[in-house]
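Take a look at the structure below.
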Amino acid sequence: MADTATNTATIEKVPEPKRSWGDEAEEEESSTTVPELSIEGLKIEEEPITTLVDEPEDSNIEAVTGDTLYSTATTFEELNLSKELLLGLYVDMGFKRPSKIQAKTLPMILTPPYKDLIAQAHNGSGKTTCFVLGMLSRVDPNVKAPQALCICPTRELAIQNLEVLTKMAKHTGITATCAIPMDRDASSARQVVTDQVVIGTPGTTKGWVAKGKLSIREMKILVFDEADHMLAEDGFKDDSLRIIKNIRDPKNKNTHCQVLLFSATFNDTVKNFVSRVVSDSNQLFVKKEELTLEAVKQFKVRCPDEISKLSVVKDKIIGLGEKVGQTIIFVHSRKSADMLHSTLAKEGWVCTNIHGAIDKEFRDKIVKEFKEGLTKVLITTDLLSRGFDQSQVNLVVNYDLPVKHGSYGEPDYEVYMHRCGRAGRFGRKGAVFNLLLTERDSNVMDKIQNHFSQQVAEVPNWDSDEDFEAALKSARLLD
DNA sequence: AAAAAAT
């Protein structure tokens with residue numbers, strides 16, 4: 001067994017400076033527009049939607065490393081990033097210093113011998129920046145061939161990651177492209193990729209490689225975003241393994257390729273599996289009991305029937321949601337997304353709807369409008385449960401609770417956590433409303449509470465405006 | 001009894 005001497009270290013909790021930067025969610029808010037801080041018990045005059053609090057608690061991360069010594073940086077300069085990247089970080093992104101996960105992982109990514117990495121960190125703590133800076137640092141801008149590849153579970157996430165990377169790459173001369181499903185015309189006209197970075201979904205990426213449009217010969221770094229899902233049995237396991245195998249196949253005489261796995265969640269099963277996939281790797285895991293949902297305030301609302309559930313959305317949540325920011329409503333299926341959307345639209349409520357059965361161009365338009373703040377309420381399936389980064393979202397509604405496929409009433413804890421993580425990005429305030437109708441819903445909710453060892457507050461009366469206002473006040477979204 | 005995804 002090549003099991004090298006491993007040491008397990010637990011990072012001590014240190015008091016954090018009051019404001020923290022370095023997250024990809026911060027780009028649109030320069031230091032001039034963001035209020036200083038919300039302190040417990042202190043009223044802040046500015047709009048609550050832009051109030052920042054302490055960085056999410058990703059402090060107790062268990063690190064397993066080999067015999068290489070890694071530093072933990074407190075400034076981006078210490079990370080040995082190129083001056084072009086620093087310029088992008090400070091000027092274009094408005095970042096000030098690395099978040100904890102960035103400080104820990106970047107030395108691991110950038111220090112030879114470029115070991116593989118499995119990294120877990122809370123939603124909204126700046127994981128994207130880790131692997132984007134990692135890719136951009138390892139790429140040689142003078143070599144006009146793909147050298148970094150990032151695989152994501154959805155088109156939407158691939159596009160979002162490309163946007164972040166393009167912005168950070170502004171002064172480096174590095175170019176990037178998306179390998180995602182396109183119109184027939186666009187995909188048939190596809191030329192051989194000369195961009196240094198490719199960000200894509202599994203099928204299209206595989207297809208490009210098979211057709212000789214994407215060379216993996218010079219690939220130095222391969223990233224899986226939402227890696228637990230990308231390597232899960234009911235996720236993209238087969239595609240992902242094939243891509244890794246292909247890139248690392250000695251027969252292909254490729255350059256050595258470093259593999260990075262990032263996610264906010266790794267359940268025990270997938271954790272065990274990915275540890276075997278990238279066996280000689282650096283590993284950062286959040287302790288189970290530390291992976292909590294403290295960033296957002298959760299509520300449950302018992303509704304007597306379907307009509308009242310609908311009325312909660314219409315008469316309680318949409319109005320309050322528009323007042324404090326943006327809202328995402330999660331439903332179980334494409335069909336229920338369409339139904340909820342048309343029901344609300346028919347009655348004049350303004351909202352949009354997105355899922356995998358909608359035209360790709362239209363999906364892009366829906367996301368763009370939402371990210372620009374033109375629309376305030378977005379109904380979606382689990383298409384957007386992972387990774388979707390819109391800092392103005394502070395209300396999440398589980399119109400249907402997330403349950404595992406093929407089981408009767410078994411909650412999907414990972415999906416629950418990811419959905420909640422769409423609100424309260426990078427330490428902002430957020431609230432989650434879980435709408436309960438059946439006995440089964442109550443059981444699912446109970447199991448979720450047990451799993452996260454957390455009591456979810458109940459909105460006493462589904463039909464009381466005051467109760468919902470009180471809920472938002474306790475989530476500190478309203479004064 | 002699901003979502004996504006290159007078919």
Side-chain angles (χ1 to χ4, degrees), chain A residues 149-161 177-190 193 198-214 224-243 246 263 265 270 328-341 353-364 366-367 378-388 396 398-419 421-422 437-441 443-444:
Chain A
L149 177 60
C150 173
I151 312 287
C152 313
T154 62
R155 283 181 89 251
E156 281 67 20
L157 202 44
I159 293 168
Q160 178 177 288
N161 286 338
T177 194
C178 262
I180 55 174
M182 292 293 215
D183 298 338
R184 189 170 286 240
D185 295 352
S187 62
S188 58
R190 178 73 243 175
V193 178
V198 176
I199 303 180
T201 48
T204 304
T205 304
K206 248 176 38 180
W208 286 18
V209 173
K211 283 183 186 156
K213 306 285 188 190
L214 173 58
F224 288 93
D225 195 6
E226 308 298 341
D228 61 325
H229 187 239
M230 299 311 292
L231 285 151
E233 198 73 62
D234 65 345
F236 295 96
K237 183 179 167 187
D238 292 347
D239 284 340
S240 299
L241 288 180
R242 184 150 305 164
I243 291 168
N246 196 11
S263 183
T265 52
V270 75
I328 297 182
I329 303 176
F330 285 101
V331 295
H332 188 234
S333 67
R334 296 168 172 186
K335 200 173 153 192
S336 40
D338 286 338
M339 277 164 48
L340 180 59
H341 179 243
N353 174 29
I354 188 170
H355 56 69
I358 290 176
D359 271 358
K360 294 173 188 66
E361 301 79 50
F362 198 61
R363 275 161 65 172
D364 296 346
I366 299 289
V367 167
L378 179 56
I379 299 163
T380 180
T381 59
D382 283 320
L383 172 69
L384 292 188
S385 61
R386 284 172 173 265
F388 185 69
V396 163
N398 285 319
Y399 194 83
D400 301 318
L401 293 173
V403 288
K404 279 190 183 122
H405 176 58
S407 73
Y408 185 83
E410 185 60 24
D412 192 322
Y413 303 110
E414 282 73 39
V415 170
Y416 184 79
M417 166 148 286
H418 284 281
R419 285 182 180 183
R422 296 319 99 214
L437 175 57
T438 62
E439 185 71 21
R440 198 195 72 157
D441 291 340
N443 288 334
V444 170

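Chain naming here is simple, since letters A, B, ... match the order of the sequence lines and numbering starts at 1 in each. Computation of the quantities below employed the complete heavy-atom set of this structure, encompassing side-chain atoms and omitting hydrogens, waters and symmetry-equivalent molecules.
From the 5' end on, the contacts that DNA chain B makes with chain A at under 4.0 Å to a non-hydrogen atom open and close at dA1(B) to dA6(B).
Scanning for side chain to side chain contact (heavy atoms under 4.5 Å, CB included) contacts around Asp238(A) gives an empty result, with sequence neighbours left out. When the side chain to side chain contact (heavy atoms under 4.5 Å, CB included) test is applied to Val415(A), the partners found at least two apart in sequence or on another chain are Asp382(A), Ser385(A), Pro402(A), Asp412(A), Arg419(A). Under the side chain to side chain contact (heavy atoms under 4.5 Å, CB included) criterion, Arg334(A) pairs with His355(A), Ala357(A), Thr381(A), sequence neighbours left out. Judged as a side chain to side chain contact (heavy atoms under 4.5 Å, CB included), and not counting sequence neighbours, the contacts of Ala158(A) are Cys152(A), Cys178(A), Ile180(A), Ile199(A).
Residue contacts for His405(A): at a heavy-atom cut-off of 4.0 Å it reaches a base atom on one of the strands shown. Counting non-hydrogen atoms under 4.0 angstrom, His355(A) reaches the backbone sugars and phosphates but no base. Within 4.0 Å of Asp234(A), counting heavy atoms only, lies at least one base atom of the nucleic acid. Among the protein residues, Arg363(A) comes within range of the sugar-phosphate backbone only, with heavy atoms under 4.0 Å from sugar or phosphate atoms but none that close to a base.
Annotation: side chain of Met230(A) is in contact with side chain of Ile151(A) (closest heavy-atom distance under 4.5 Å).
Between Asp239(A) and Asp412(A), the residue whose closest nucleotide on DNA chain B is further toward the 5' end is Asp412(A).
Remark: the separation of the P atoms in dT7(B) and dA3(B) is 15 Å, to the nearest Å.
Sorted by first and then second residue, the salt bridge (Lys or Arg N to Asp or Glu O under 4.0 Å) pairs involving residues 149-161 of chain A (not counting sequence neighbours) are Arg155(A)-Asp364(A), Glu156(A)-Arg363(A).
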